[in-house]
Amino acid sequence: MINITFPDGSVRSYEQGVTGLQIAESISPALARDVLACGVNGETVELNRPINEDASIALYKWDDEEGRHAFWHTSAHLLAEALQELYPGIQFGFGPAIENGFFYDVLLPGGESIKESDFGKIEAKMKELAGKKEPVVRHEVAKADALKEFGAAGQTYKCEHIDEDLEDGTITTYTQGAFTDLCKGPHLLNTGAIKAVKLTNVAGAFWRGDANREQMQRLYGISFPKKKMLDEYLVMLEEAKKRDHRKIGKEMELFMFSEKVGKGLPIWLPKGTDLRLRLQDHLRKVQKRFGYQEVITPHIGSKNLYVTSGHYAHYGKDSFQPIHTPEENEEYMLKPMNCPHHCEIFAWKPRSYKDLPLRIAEFGTVYRYEQSGELHGLTRVRSFTQDDAHIFCRPDQVKQEFLNVMDIIGIVLKAFGFNFEAQISLRDPNDHEKYVGSDEDWARSEAAIVEACQEKGLNAKVEYGEAAFYGPKLDFMIKDAIGRRWQLGTIQVDYNLPKRFQLEYTDEDNTKKTPVMIHRAPFGSLERFCAVLIEHTSGHFPLWLTPTQVAILPISEKYNDYAAQVARYFDSVGVRATIDERNEKIGRKVRDNELKRIPYMLIVGEKEQADGTVAVRPQGGGEQSVMSMEDFAKKINDEVAEMTKEF
């Protein structure tokens, strides 16, 4: 017999070799019908995988991220199986589950391509195959045998992946029907649970992300265990289209892109710049209360800086190529991270234990070479600004500093009405090689995060394998107005980078010690945060934040001078106003300014000019009124003061 420990701490005994499905059946038939995968000692596996020793187990249903991941992973294989039947000779690349659904990279023979008009027949074939309830069978095979199998099937890219990426020894494949794929899993037991599928997009994707290799087609899809869930998702997609930050950003004149400037390089227009600066000012005020000092570092750095930090080894392929200076025989890189620069600031002069904690903050622009096919508005760009800060502290200060940063992130996110949940990202217990630093340092830093969350009463989910290469982290996720999850703020504990840079401070006993480093970014990236905020609010920003609070609309050109007088007064009392002086009818001006999401429109004409008043029309056509300039300005400033009093 073996002992199985459940998430609530209870323990049951089962015969050796019991499976997750059998454990679910022993609890209730309803659970056995709903469960999709199980976690055994932190690893997600299929429900028919035998458990041969004492273990901790979790049973994952659709509501669990792990359950949806297994569901969508199997759906990706179902898509490939359908494509294999419909397009003989098709080549397969990679096909993983993603946050919302799945994709598969494929290449059709003879230069053919899959179009959106083909989606219907592909979906029909997927449903047909799912209806057969084909078992998904896991096999362990030798690398040489896998090469033979996929070579015989003519799968060139699979063979390259096996040959170059997989180590010698046993690897795993999964077979359903006539389709076999390389895969670590996990999967559903069979395809029958997949009741509704929808292909959502087709895009280009270079094989292995290499722009010098073949361009494949990436088919995106999503699937559900019930058709009703798909219908609800499609309604949400329609709402998401209306909220698309690219569309709203253009209507509100916040930002732009230019092919001549370059792909993935956003240009912030005056109103968007005002929005960003206001976000920065908000965080600056909060940081000042917590003792941060702001710095500015260069947009480039010596390649050796990032070699020392370890970023070049881990992220060099995702960075822009080094810039060579022939005269000096040096190499520079566009800055991919701010932290190495901040390490050099710490090392600039001798530090004492009395100087710690040292809190350095920067709104630092960094550069990453995202593939063209991955670029998307402000959410995936090649140039973005992090609200970055690094705290250098003694080991005994780590937990309190971590708690302080949690407070900062809470203040920042609550200012926008965001409710958040947290995820503790720890290193993969089965693969320590992809991380730097000692086991002792990792244990201390992981314990500090867990203890801080417990002290705050924050029920954070633990994810193994999601840590940064230099340390564990606490990530903050928010749900937007239509239920989508976004990862925004992050805090990371790092014992390793200070050692790599040989940072030291003189301790109380006059010995040299290495500080601990905490990385922190409440917004994460200003670009991504603005995109999320735009889509969450549909561009209807809080009154304290919106670039333009008031649009003054003269009924005709005769009243432009009075409109200018009103605007000057508002400017003198801190109300942000603009004048629509176009020679257009008032109805057209109202419609156009509604699109710009300006909270208030003030209509001025003969009566308003004579009385020194403004006719107030709220955004969306709420209750209208007539007020003096002074009373309206007080109303705006009082609303802003009430909104911002807590931060």
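None of these values were measured; they are calculated from a predicted model.
Glu81 and Gln176 are linked by a side-chain donor-acceptor pair at a separation below 3.5 angstrom, with hydrogens and angles left out of the test. Of the N and O atoms on the side chains of His245 and Glu535, at least one donor lies less than 3.5 Å from an acceptor on the other residue. For the residue pair Thr19 / Asn48, no side-chain donor-acceptor distance below 3.5 Å is found, with atom types taken as modelled. For the 3.5 Å distance criterion, the side chains of Tyr174 and Arg138 qualify, holding a donor opposite an acceptor.
Within a 6.0 Å sphere centred on NZ of Lys61, heavy atoms belonging to other residues, nucleotides or ligands number 12 at most. With a 6.0 Å radius and a threshold of 12 heavy atoms from other residues, nucleotides or ligands, Lys263 has its NZ atom at or below the threshold. Within 6.0 Å of CG on Asn459 lie no more than 12 heavy atoms contributed by other residues, nucleotides or ligands. Dense packing is recorded around NZ of Lys143, with more than 12 heavy atoms of other residues, nucleotides or ligands lying under 6.0 Å away. Remark: Tyr14 OH is packed, more than 12 non-hydrogen atoms of other residues, nucleotides or ligands lying under 6.0 Å away. Surrounding CD of Glu15 are at most 12 heavy atoms belonging to other residues, nucleotides or ligands under 6.0 Å away.
Panel note: side chain Ser445, backbone Gly471; no donor-acceptor pair is recorded below 3.5 Å. Of the possible donor and acceptor atoms, none in the side chain of Asp475 sits under 3.5 Å from a partner among the backbone N and O of Gln423. Between the side chain of Thr74 and the backbone N or O of Leu188, at least one donor-acceptor pair lies under 3.5 Å. A donor-acceptor pair is defined here as one N or O able to donate and one able to accept, closer than 3.5 Å; such a pair exists between the side chain of Glu46 and the backbone of His187. A donor-acceptor pair under 3.5 Å links the side-chain atoms of Arg382 to the main chain of Glu370, judged by distance alone. Listed for the Glu112 side chain is no donor-acceptor partner under 3.5 Å among the backbone atoms of Tyr87. Side-chain N or O atoms of Gln155 include one that pairs as donor or acceptor with a backbone N or O of Ile90 at under 3.5 Å. Between the side chain of Lys158 and the backbone N or O of Gly93, at least one donor-acceptor pair lies under 3.5 Å. At distances below 3.5 Å, at least one donor-acceptor pair connects side-chain atoms of Glu446 with backbone N or O atoms of Arg427. Checking side-chain atoms of Lys195 against main-chain N and O of Gly192 turns up a donor-acceptor pair under 3.5 Å.
To the nearest 0.5 Å, the span separating CG on Asn201 from CD1 on Ile222 amounts to 12.5 Å. To the nearest 0.5 angstrom, Glu85 atom CD is 12.5 Å from Ile122 atom CD1. Rounding to the nearest 0.5 Å gives a distance of 10.0 Å between CD of Glu123 and CG of Leu79. Rounding to the nearest 0.5 angstrom, the gap separating the SG atom in Cys38 from the CG atom in Leu47 is 5.0 Å. Between Phe150 atom CZ and Glu160 atom CD the span is 14.5 Å, to the nearest 0.5 Å. One finds the OG atom of Ser538 at 6.0 Å from the CD atom of Glu239 (value rounded to the nearest 0.5 Å).
Within the 4.5 Å cutoff, side-chain heavy atoms of Trp62 are placed close to those of Arg68. Residues Tyr435 and Trp442 have side chains in contact (heavy-atom distance under 4.5 Å, counting atoms from C-beta outward). A 4.5 Å side-chain heavy-atom check between Leu182 and His161 finds at least one atom pair inside the cut-off. Between Phe103 and Leu219, the closest side-chain pair of non-hydrogen atoms is not below 4.5 Å. In this structure the side chain of Tyr367 never reaches within 4.5 angstrom of the side chain of Pro336, judged on heavy atoms. Side chains of Leu413 and Pro522 form no contact here, defined as non-hydrogen atoms less than 4.5 Å apart. Asp494 places none of its side-chain heavy atoms less than 4.5 Å from the side chain of Gln492. Using a 4.5 Å cut-off on side-chain heavy atoms (C-beta onward), Glu164 and Arg208 make contact.
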Using atom types as modelled, flag every donor-acceptor pair under 3.5 Å from a side chain in residues 28-37 to any protein atom, sequence neighbours excluded.
unit_1 : atom_1 : unit_2 : atom_2 : d
Ser28  : OG     : Leu31  : N      : 3.0

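Using cut-offs of 30° and 60° on the angle between ring planes, the pair Tyr104 and Phe179 is perpendicular. Ring-plane geometry between Phe420 and Phe476 is classed as perpendicular, the angle between the planes exceeding 60 degrees on a 0 to 90 degree scale with a lower cut at 30. In this structure, His73 and His77 have perpendicular ring planes: the angle between them is above 60°, well past the 30° mark. Taking the six-membered ring for Trp and thresholds of 30 and 60 degrees, Phe94 and Trp207 have nearly parallel ring planes, at less than 30 degrees apart.
Taking the centre and axis of the six-membered ring of Phe206, the NZ or CZ atom of Arg213 falls outside the cone set by 45° and 6.0 Å.
The two residues Ala146 and Val141 have their closest heavy-atom pair at CB-CG2, 4.0 Å. For the residue pair Arg528 and Ser525, the shortest heavy atom distance occurs at N-OG, 3.1 Å. Closest of all the heavy-atom pairs between Asn3 and Asp54 is N-OD1, 2.8 Å. When every heavy atom of Pro225 is checked against every heavy atom of Phe71, the shortest pair comes out as N-CZ, 3.5 Å. For Asn496 against Ser438, the heavy-atom pair with the smallest separation is OD1-N, 4.1 Å. Contact record, Gly151 with Cys159: N-SG, 3.4 Å, taken as the closest heavy-atom pair.
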Item to complete: Check the pair Lys461, Glu65 against salt bridge (charged side-chain N to carboxylate O under 4.0 Å, His left out), reporting the backbone distance first and the verdict last.
Response: CA-CA 11 Å; Lys461 181 180 180 182; Glu65 185 177 335; 3.2 Å; yes
Practice prompt. Given side-chain contact (heavy atoms from CB on, under 4.5 Å), test Val11 with Ile4 step by step and report yes or no.
Written response: CA-CA 5 Å; Val11 180; Ile4 299 297; over 6 Å; no
Discussion item. Is there a ring pair (Phe, Tyr, Trp, His ring centres under 6.0 Å) between Phe224 and Tyr233? Walk through the geometry before answering.
Written reply: CA-CA 9 Å; Phe224 296 92; Tyr233 177 77; 5.5 Å; yes
Practice prompt. Could you go through the side-chain contact (heavy atoms from CB on, under 4.5 Å) check for Tyr369 and Ser319 one step at a time?
Written response: CA-CA 5 Å; Tyr369 185 71; Ser319 301; 5.9 Å; no
Discussion item. Walk me through whether Asp231 and Lys228 qualify under salt bridge (charged side-chain N to carboxylate O under 4.0 Å, His left out).
Written reply: CA-CA 5 Å; Asp231 293 340; Lys228 180 185 176 184; over 6 Å; no
Worksheet entry | Derivation and outcome, side-chain contact (heavy atoms from CB on, under 4.5 Å), residues Val136 and Thr175 | CA-CA 6 Å; Val136 184; Thr175 299; over 6 Å; no
Worksheet item: Where do Asp480 and Trp486 land on the side-chain contact (heavy atoms from CB on, under 4.5 Å) test, with the steps shown first?
Response: CA-CA 8 Å; Asp480 69 12; Trp486 301 86; 3.0 Å; yes
Discussion item. Lys479 vs Glu421, test: salt bridge (charged side-chain N to carboxylate O under 4.0 Å, His left out). Steps then yes/no.
Written reply: CA-CA 9 Å; Lys479 269 191 178 180; Glu421 55 189 45; 5.8 Å; no
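A salt bridge links Asp441 with Arg444: at least one charged nitrogen is closer than 4.0 Å to a carboxylate oxygen.
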